[in-house]
Amino acid sequence: MRNRKVVIVGGGTAGWMTASYLRTAFGAGVDITLIESDKVNTVGVGEATFSDIRHFFQFLGLEEQDWMPACNATYKLAVRFENWRRPGHHFYHPFEQMRSVNGFPLADWWLRNGPTDRFDRDCFVMAALCDEERNPRHLDGRLIGQGFSENAEEFAGLTMSEHQGKTQFPYAYHFEAALLAKFLTKFAVDRGVRHLVGNVEDVVLNQQGDIDHVLTAEHGALHGDLFIDCTGFRGLLINKALEEPFISYSDVLPNDSAVALQVPQDMEKRGIRPCTTATAQDAGWIWTIPLYGRIGTGYVYARDYLEPEQAERVLREFVGPAAAEVEANHIRMRIGRTRNAWTRNCVAIGLSSGFVEPLESTGIFFIHHAIEQLVKYFPGPGWEPTMRTMFNDAIRHVMDGVREFLCLHYLAAARDDTQYWKDTNTRRLPDGLAERLERWQVQLPDSENVFPYYHGLPPYSYMCILLGMGGIALKPSAALALADDTAALKEFQYIRDRGSELIEALPTQYDYFTRMRPGAR
Ligand SMILES: Cc1cc2nc3c(=O)[nH]c(=O)nc-3n(C[C@H](O)[C@H](O)[C@H](O)COP(=O)(O)OP(=O)(O)OC[C@H]3O[C@@H](n4cnc5c(N)ncnc54)[C@H](O)[C@@H]3O)c2cc1C
Ligand SMILES: N[C@@H](Cc1c[nH]c2cc(Cl)ccc12)C(=O)O
């Protein structure tokens, strides 16, 4: 059988991640051409990830030292939510599994008799490490031990959905999106991916309605068996040419705009906070992502409540004088998903497939997940169309599940001081969420009562948001009133002690990454 000819249109994060992964998975079994335009920019943001992305780098055979310095990357131990409950309040959604004591999650014991008003500090070691801006590795590279093993044999080769629930890796990454795309360009091209720069002017269908070829001014017609649409929010192949409809989530998630800045920063003086920060604002929230040498920041907001000029002004004030010379990138976000991400012989990956606001940094996770699914259902000999259906089901579940998780953030936030925040109490909810919420109020989220399909987020993530946002009354499990809490108190003590011990022993991120740079001592 001849090898499969794959044409990828688009050279953003989605295009290059897909090209690198497919080539690694199938080698010469797939013949890959990637075409990207020099007239249409990439979206230019997308800097924080899930911890699962390490499976992606592992699959490519890359170690942190190979790619992190090249992408000004840093570690992310959590998302830090600021002011979602009230001004001055913060809590973390960390990469650390919730401990269990006598069959109940520690958070349940915390609800029964919380030692302090900080559930995150009491239940997770990571919260203290974030507050004290510590690095998750020692200067000699050793990882903090937290009940997971690095590169453990038994997990090698697992996809991220297979891995979920087995252990929780303690950190994700921040990186410069443009530098990662550049790094992966070299990776893919070195391994035989054909790279073309040119503009796709037309998408030509055959008589059956499949894509026959894409037409470019610079390189003529590009034929393929399978076309991957990585053209971003345009959805040039999947939505425009094949007319696959886009299902908007704007009825439940109204933020549709963002303005972003890349701000140089003196990291030696300011340090590098080991987490993404999401700070609530009058009509949305601002992200702050510390990279090595600069921060990425942006205001995500709803145009129904705020004009772009005002959003930019608020963002500049928030950042301060360092942003004065920096040009703003205004982005209109298409929130929702393409009905069938795989339609005919075209697979949409990245923003063309779908997107939700970046509150939990899910964009790159969606890409990674879609690539894993594509490999799983890739059209080899004997391929059946039901495989396309299974791919589409998996994509739909991940996106709809994340939509629900994000809606919970707004529903659970105690803040209600502006019209924007007041309206979060009356907005429509995705089907099923209200019922699930009723259950969570008397029984914390567990694998039996959260969104029932794989969507990347474990039950403890839901606990964090419910407990942290503070707007919804929660009860401990009724059974706990009858139980002895000695073991739970011991666990709370262990978390405090372990936090203090690690704060003593661990370096700051600045120290760690300065040593990791090429040419450093
Ligand atoms: C405000 C915001 C913040 C975000 N933050 C995060 C985050 O923190 N974490 C995260 O995981 N994700 C985040 N994302 C999502 C992330 O940015 C995207 O998932 C990721 O960058 C993938 O984009 P893409 O490759 O699909 O599209 P793009 O980056 O838009 O790339 C599109 C590509 O298609 C090419 N193209 C377009 N038209 C043509 C044509 N006619 N011919 C040839 N080529 C063409 C362009 O040249 C470009 O190369 C964020 C997104 C937004 C909007
Ligand atoms: N599978 C994801 C789930 C996850 C677990 N904890 C967090 C925390 C944050 Cl901020 C995002 C995502 C997650 C993962 O392990 O990355």
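Treat the numbers as computed from the prediction; the structure is a model and nothing was measured. The analysis underlying the following values was restricted to heavy atoms, covering all of them including side chains, and did not include hydrogens, waters or symmetry mates.
- Remark: Thr277 engages Arg273 in a side-chain hydrogen bond (donor to acceptor under 3.5 Å, both in side chains) (not counting sequence neighbours).
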Would you be so kind as to tabulate the donor-acceptor pairs closer than 3.5 Å made by side chains of residues 316-330, with sequence neighbours excluded?
from: Arg316; atom 1: NE; to: Glu312; atom 2: OE2; distance (Å): 3.0
from: Arg316; atom 1: NH1; to: Ala323; atom 2: O; distance (Å): 2.8
from: Arg316; atom 1: NH1; to: Val326; atom 2: O; distance (Å): 3.2
from: Arg316; atom 1: NH2; to: Glu312; atom 2: OE2; distance (Å): 3.2
from: Arg316; atom 1: NH2; to: Val326; atom 2: O; distance (Å): 2.8
from: Asn329; atom 1: ND2; to: Val43; atom 2: O; distance (Å): 3.2
from: His330; atom 1: NE2; to: Glu312; atom 2: OE1; distance (Å): 2.6

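- Partners of Lys240 under the salt bridge (charged side-chain N to carboxylate O under 4.0 Å, His left out) rule, at least two apart in sequence or in another chain, do not exist in this structure.
- In this structure, the side-chain contact (heavy atoms from CB on, under 4.5 Å) partners of Arg85, at least two apart in sequence or on a different chain, are His89, Ala414.
- Among residue pairs with one or both ends in residues 280-301, those qualifying as salt bridge (Lys or Arg N to Asp or Glu O under 4.0 Å) are Glu47-Arg294, Glu176-Arg294, Asp282-Arg415; sequence neighbours excluded.
- Under the ring pair (Phe, Tyr, Trp, His ring centres under 6.0 Å) criterion, Phe95 pairs with no residue, sequence neighbours left out.
- Among residues at least two apart or in separate chains, salt bridge (Lys or Arg N to Asp or Glu O under 4.0 Å) pairs with a member in residues 244-260 are Glu244-Arg339, Asp251-Arg428, Asp256-Arg332.
- Scored by the side-chain contact (heavy atoms from CB on, under 4.5 Å) test, Phe59 finds Tyr21, Thr24, Ala25 as partners (sequence neighbours excluded).
- Applying the ring pair (Phe, Tyr, Trp, His ring centres under 6.0 Å) criterion to Phe365, with sequence neighbours excluded, gives Phe50.
- Legend: side chain to side chain donor-acceptor pair (under 3.5 Å) pairs involving residues 258-268, not counting sequence neighbours: none detected.
- With sequence neighbours excluded, the residues that form a side-chain contact (heavy atoms from CB on, under 4.5 Å) with Asp202 are Val204, Leu215.
- At least one test fails for Arg121 against the ring of Phe119: distance under 6.0 Å to the centre or angle within 45° of the axis.
- With sequence neighbours excluded, the residues that form a side-chain contact (heavy atoms from CB on, under 4.5 Å) with Ser37 are Lys39, Val40, Asn199.
- Taking the six-membered ring for Trp and thresholds of 30 and 60 degrees, Tyr420 and Tyr410 have ring planes more than 60 degrees apart, a perpendicular arrangement.
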